[in-house]
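This report refers to the structure that appears directly beneath it.
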Amino acid sequence: MSATREDRRVGLTLGALSSLVLLLIAGMIFFVLEKAWPSFSHNGLSWFGAKGEVDAQLTEIFNSPADPNNYVYTIGAWPLIYATALVTFLSVALATVFSVLSAIFIVEFAPDRLRRVLEPVVRLLAAVPSVIYGLIGILVIVPFVADHFVTEGARESVRFVIQLDGTSLAVATAILTVMITPIMIAIIVDALRTVPQGWTQGAVALGVNRWRAMRTIAVRTARPAIVAAAVLASARALGEAIMLSMVSGSVGFAPNPLDGYIFLLEPARPLAATIVDNAEGLSVVPFGQTLYAFAAVLLVSTAMLSLGGWYARRALRKYTVTR
Amino acid sequence: MAELTPPPVRRIALDADPTVIPPEEAINGNGHASAVRRPEAPRPGTVLERMRVEELSVAYGSKLAVNRVSIEVNRGEVLALIGPSGCGKTTLLRSLNRLVDGTASAARSGRILLDGNDIDFIDVTQLRRQVGMVFQQPNPFPMSIFDNIAYGLRERGSRKPSKRALEPAVHSALHRAGLLEEVKDDLQHPALRLSGGQQQRLCIARSLAVQPEVLLLDEPCSALDPISTGIIEELIAKLRTEIAIVIVTHNLQQAQRVADRVAFMYLGDLVEYGAAEQVFEAPQAMRTRDYVTGAFG
């Protein structure tokens, strides 16, 4: 009797706690959108477009008059959105390839002794604070790229548009890839392990070698988990601020693919890094509201990403669900 | 009408008559096993040696699982490996397509010949195409029925054949496994949503699609209900004229129903090996006699 009453009490308490979390998230989204609203409503759809230099616009907003009626809001955030999408997409794409291959190695091919070292190290790597990556990036990799990849010719060719100093799309993407790959490996390893042995055995018994059995059966079965890992990694990439603000170049610039390989050496500052870089200006009301608008875009993108991932996983499960 | 309603058996989606034994027959006949038709003995001349096992021993670490076993596998016959759990019958079966080689601790000695060639000198991919295998637990891939059957054909070469080119082969494999009628309307149906018996026949069809010469069945019915088991046993009887079949079972009645030859193994030793009637009705070895009469096992 009392046992069931206790269960009910615990159930209610835990229910209340989780409802609190839901309430918090809803409240946060509402709060951010409400704060961001003036920036969006002044610009309309052109908020998302490209109009002039975004950094100059940010300065204008920062310097707007104290009179609320004369606040400046004009901004075209395209270079920042573009940089966010580009860095996130490139690093998640690279990390997906690396992590699937590494996970196959760990699960199927690594000798036992190597596996016993590799797995904990991978899980440890997933927990390294991003600021450390940023520090190594700015102290080691950025100068290295500036010395070895940014040629005089490359510097000259874009001299009137942008300054190439090593902080670049390539470095940002590379470090972000290193940052998000471990957690993806960990998730995909777990998923590959749950693929029933009978399936891969069945393939092997049909004369397929281990590598092809892994690729055509195990990885195929693990696709929902791969999508889940990619979504989680994208969320981390979208939200990564400190490291990107350190290595991506503090310039709101949209790298131009038409520049050839120089494209990769051009700076690109994503939204989250922009918020960090400008945090000291928050006391200026319209400037703060503009930063909230950046935050709102990030928040909505992550939400949509989760939703998209959920649909993709459901579609991919069509053949694995038995009933 | 109402009194003739069959017992509540699990229905599988097929239009054919279910293999339910009418109660009168079961009572009149002497026991359950005799109610099932035994396949006719193979006609002389149709039996052809396919595989020969010579002095095969397999050890896992220091534990000997198969001890100097010699047998032949013939087309036109069903060879049943019987014996209590842990007697090495599955290990013997998995040696025939070198699946034991995947177990790191396993060591194999002796020779196994496929059509006169030592299987250790045949490319393992080629070997496993010629010696197909069906597992205890039905293991269809998480794909459509069509893709399951086509899997082995698609993975055969570097160039993947088109869906249309594969269709005849897929249909013929499903037909040989007696599954075509039940699934032909929707080959895109997820294979894992078939019933257990259908899944196992799908696995047989998947093996047949690559045109094997020998088919290994590792307790193919142990996870299935009696009706599905009956269907699969009929299928085995039909297939044995085309390919050599080796079936591992620890269901003695099943061995009696389907096998032409029986090998009784006990703790790694081959105790008795011969025609099914002889092993079951006039066993030579004491241990065989005790096992087939149910004294142990």
Side-chain angles (χ1 to χ4, degrees), chain A residues 100 103-116 118-119 188 190-228 311-323, chain B residues 93-94 96-99 101-104 122-156 158 160 188-196 199 202-203 206-212 215-216 218 223:
Chain A
V100 169
I104 291 178
F105 176 72
I106 290 176
V107 170
E108 185 68 23
F109 292 98
D112 256 355
R113 282 168 57 187
L114 183 59
R115 186 200 332 254
R116 272 200 290 273
L118 214 53
E119 260 201 277
I188 296 171
D190 287 345
L192 288 181
R193 290 236 169 90
T194 61
V195 173
Q197 280 263 311
W199 293 352
T200 40
Q201 278 256 298
V204 167
L206 280 169
V208 173
N209 62 28
R210 283 196 295 162
W211 160 241
R212 283 180 87 134
M214 278 314 270
R215 239 187 43 204
T216 54
I217 305 292
V219 172
R220 208 188 133 98
T221 310
R223 282 182 308 184
I226 296 172
V227 170
Y311 271 114
R313 285 204 301 281
R314 217 177 51 161
L316 288 174
R317 273 205 197 110
K318 178 174 174 200
Y319 288 107
T320 36
V321 176
T322 46
R323 296 276 166 244
Chain B
L93 191 78
R94 292 164 79 95
L96 297 179
N97 64 352
R98 287 175 58 189
L99 216 56
D101 297 8
T103 311
I122 304 175
D123 175 46
V124 69
T125 302
Q126 194 52 43
L127 171 70
R128 287 176 187 160
R129 289 182 178 286
Q130 290 176 300
V131 183
M133 182 160 181
V134 174
F135 294 81
Q136 186 169 7
Q137 207 65 38
N139 60 349
F141 300 141
M143 310 170 180
S144 68
I145 294 171
F146 187 95
D147 290 340
N148 259 280
I149 309 295
Y151 182 83
L153 300 166
R154 284 190 174 132
E155 294 297 319
R156 184 153 56 186
S158 44
K160 306 237 157 159
Q188 292 312 312
H189 192 70
L192 287 169
R193 286 188 207 166
L194 295 172
S195 75
Q199 287 190 14
L202 182 82
C203 294
R206 189 173 65 191
S207 299
L208 292 177
V210 292
Q211 309 282 353
L215 188 61
L216 312 177
D218 186 1

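Keep in mind that what you see is a predicted model, and the values were worked out from it rather than measured. Just so we're on the same page: letters track the sequence lines, and every chain starts at 1.
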Under 4.5 Å heavy-atom distance to chain A, tell me which part of Q137(B) shows up: side chain, backbone, both or neither.
neither
Engaged part of P212(B) at the chain A interface, taking heavy atoms whose separation is under 4.5 Å
neither
Please find the pair of heavy atoms, one from [X] and one from [Y], that lie closest to each other, and give the distance.
X	Y	answer
V208(A)	E155(B)	CG2-CB, 3.8 Å
A205(A)	N97(B)	CB-ND2, 4.4 Å
F141(B)	G202(A)	CZ-C, 3.9 Å

Contact between I217(A) and Y151(B) at the side-chain level, heavy atoms closer than 4.5 Å - yes or no?
yes
Side chain / backbone / both / neither for R220(A) at chain B, heavy atoms under 4.5 Å
side chain
Any chance CD of E108(A) has more than 12 other-residue heavy atoms, nucleotides or ligands included, within less than 6.0 Å?
yes
Pairs of heavy atoms under 4.5 Å with chain A: top-ranked of S144(B), S207(B), G152(B), A209(B)
S144(B)
For the interface with chain B, which of T221(A), V204(A), T200(A) has the highest count of heavy-atom pairs at distances below 4.5 Å?
V204(A)
Please say which of M133(B), R206(B), R129(B), R128(B) ends up in a side chain to side chain contact (heavy atoms under 4.5 Å, CB included) with L206(A).
R206(B)
